[in-house]
Amino acid sequence: IFKKEDNPVLVFLGRCSQSKGIEDAILAFKKLQKKYAKSRLWIIGRGDANYKNELMMFSKKLKLQKQIFFFDFVSEEKKFELLSKSWILVHPSITEGWGLNVIEANTVGTPAVSYNIGGLKDSIQHMKTGLLTEKNTPEDLFKEILRLITDKALYNKLSQNSLKWSKKFSWQKTGEEGLRVIEKTYGEKN
């Protein structure tokens, strides 16, 4: 685990597509910039090149091109380094199956702030491993990000809890549980 950056760093990790809410993350970050001028937003992920260019132009339009860094595909090692150095994983997706990126961030003590939707409600334990918004808006996203940055005791609690929470998950456990479900559903093969 790497030392957290000195100033607040938000990280988005996922496929660059409109359903992931990256514009909302940028809008929430714009509000954060007014209070924390040295804060940064790292956007990590592949996606449609045209859409990524639109995001870069949007950042430039908001005069954030020097505060937002776009990473394309990164190695597993680099991904966990960036997750470890960042303060908060921001995940304003409007649809999500689970949120593997949340658990990945949790493995390095980085809590998540997310929209309150199915899938993410399962990977984030509100007020234990991260925060879920009341309304799925950039304004509420900003409020929860700011709450986590300004309340050090809450941040430390969520960071420690997220580490513990992440240890409950592994590909081995997932495979074993999946096999149990299949056997229960279809019966054991002889």
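No hydrogens, no waters, no symmetry mates; every other heavy atom, side chains included, goes into these values.
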Considering residues at least two apart in sequence or located in another chain, which fulfil the side chain to side chain donor-acceptor pair (under 3.5 Å) criterion with [X]?
X: K3; result: D6
X: E54; result: none
X: Q33; result: S39

What I'd like to find out is whether the side chain of I44 reaches to under 4.5 Å of the side chain of L82, using heavy atoms alone.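 Result yes, sub-4.5 Å side-chain heavy-atom pair found.
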Side-chain heavy-atom pair N53, Y51 within 4.5 angstrom cut-off: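 With C-beta onward as the side chain, the pair stays apart.
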Restricting to pairs with a member in residues 115-152, which pass ring-ring contact (aromatic ring centres under 6.0 Å, His included), not counting sequence neighbours?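 Those involving residues 115-152 do not exist here.
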Give the minimum heavy-atom separation between I124 and L131, together with the two atoms involved.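 In this case the closest contact between I124 and L131 is CG2-N, 4.1 Å.
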Which atoms form the tightest heavy-atom contact between K135 and D140, and what is the distance?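 Minimum heavy-atom contact is N-OD2, 2.7 Å.
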How far does CG of N106 sit from CG of L89, to the nearest 0.5 angstrom?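 If I round to the nearest 0.5 Å, the distance is 8.0 Å.
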With side-chain hydrogen bond (donor to acceptor under 3.5 Å, both in side chains) as the rule and sequence neighbours excluded, what pairs involving residues 143-163 come up?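 Non-adjacent pairs meeting side-chain hydrogen bond (donor to acceptor under 3.5 Å, both in side chains): E144-R147.
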Just grab all the side-chain hydrogen bond (donor to acceptor under 3.5 Å, both in side chains) pairs involving residues 86-102, residues at least two apart or on different chains.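 As it turns out, the side-chain hydrogen bond (donor to acceptor under 3.5 Å, both in side chains) pairs with a partner in residues 86-102, which skip direct neighbours, are K20-E96, H91-E96, S93-E96.
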Expected output: side-chain D48 to main-chain C16 donor-acceptor under 3.5 Å: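 Such a contact is absent between D48 side chain and C16 backbone.
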Short side-chain to backbone donor-acceptor contact, K52 and G45, under 3.5 Å: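 Yes.
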Before accepting this row, confirm whether a basic side-chain N of the pair R40/E5 lies closer than 4.0 Å to the acidic partner's carboxylate O.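 Salt bridge absent between R40 and E5.
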